[in-house]
There are 2 protein chains.
Amino acid sequence: MLPGLLGYHVRLAQIAIFEDFERALEHLGVSPGLFALLVIIDANPGLKQTALAQAARIDRSTLVPALNKLEQRGLVERRSAPADRRSNGLFLTTAGAELLHDATGAVREHEAGIASGLTGAEREQLMDMLDRLAPRSR
Amino acid sequence: MLPGLLGYHVRLAQIAIFEDFERALEHLGVSPGLFALLVIIDANPGLKQTALAQAARIDRSTLVPALNKLEQRGLVERRSAPADRRSNGLFLTTAGAELLHDATGAVREHEAGIASGLTGAEREQLMDMLDRLAPRSR
DNA sequence: TTCACTTTGTTTGACATCAAACAATCGCGT
DNA sequence: ACGCGATTGTTTGATGTCAAACAAAGTGAA
């Protein structure tokens, strides 16, 4: 039964990919979730926490301890916005930008590794088909 | 950056599929994880807990509260094995088998829904490519 | 202006998960 | 027969996640 279900294969692939990602970026202390946060902040300096949570597809409340960790490690800064004293603008520190640079290189190698069983065209097609899955939920 | 990564697309697909699954089987109180357990027990009556955990790709310790819930709901039985007093043989009750039957029908509809944007051939190809991902981890 | 409603970040509670430690039991080698 | 190591199920602790509730701050309508 299970081997005929798309969700089963997607879940197994997800587990395998995240395990490989963790292994590839272990020396940098970067998980898939933290990497996504760094990438989004880097591309959108000054982003509010709520907006970052939406972009990263996690709950506002889940983001809080993650940002605390990144801030304690000196990778991200929360600057209270002058216009709206409720919200924080998020910025990468120099150390954060450097770590993101190193992590990006490691992620590229990881990506090549997990896709090594696929041709370039298959890889594109795979991402395309994944995006067309579960249309009701999008 | 993120939209070029396989892991990103797989994760989004995974979230969407599980959300749809939850919605489709909400009336039965069956999550993807519990469904997998029922399917595996049904196909392998008398299975030990450790073996079930391996088959379902979860930790032995994670299985304990899940089985407690299934047992409390009267869907699964733990029968202590006469040959090895450490282990429990797992069996579906009549109620468990009936629930699994209903759930299987709902899962078939769910599967058709999430795959509605794909042709049958694409669906097969998608599962095949997912299985060829992250070869280092298999 | 004032007051209800919304937004923002945070705290708390519930739950799934893994890893480590544990007692009970088993099995094997001597 | 005995004892050491492995196995089995469980408990405990840490982490990541969502949902609900909350205070502080902003917004808009009467």
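Naming convention: chains lettered A, B, ... in sequence-line order (proteins, then strands); numbering from 1 in each chain.
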Sugar-phosphate or base contact per nucleotide [nucleotides 4-15 of chain C; S, B, -; heavy atom under 4.0 Å]: ---BBBBB----

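Taking atom CG of A/Leu34 as the reference point, atom P of D/dT15 lies 13 Å away to the nearest angstrom. Atom pair A/Glu22:CD and C/dT17:P shows a separation of 17 Å (rounding to whole Å applied). We find that CZ of B/Arg79 is positioned 19 Å from C1' of D/dT8, with the value rounded to whole Å.
For the side-chain contact (heavy atoms from CB on, under 4.5 Å) criterion with B/Leu75, the lone passing option out of B/Arg73, B/Glu71, B/Glu77 is B/Arg73. None of A/Asn68, A/Leu37, A/Thr50 except one satisfies the side-chain contact (heavy atoms from CB on, under 4.5 Å) rule with A/Leu63; the exception is A/Leu37.
In this model, the phosphate group of C/dA24 is not approached by any side-chain N or O of B/Arg85 to a distance below 4.0 Å at OP1 or OP2.
The distance from the CG atom of B/Leu38 to the CG atom of B/Leu99 is 6.5 Å, given to the nearest 0.5 Å. If you take NE2 on B/His9 and CG on A/Asp131, they are separated by 5.0 Å, rounding to the nearest 0.5 Å. Atom CD1 of residue A/Ile15 and atom CZ of residue B/Arg57 lie 6.5 Å apart, to the nearest 0.5 angstrom. Interatomic distance, NZ of A/Lys48 versus CG of A/Leu90, reported as 11.0 Å (0.5 Å rounding).
Nucleotides of DNA chain C nearest to B/Ala66 and B/Ala83 differ in position, and the one nearer the 5' end is that of B/Ala66.
Residue contacts for B/Ile58: at a heavy-atom cut-off of 4.0 Å it reaches the sugar-phosphate backbone alone, with no base atom in range.
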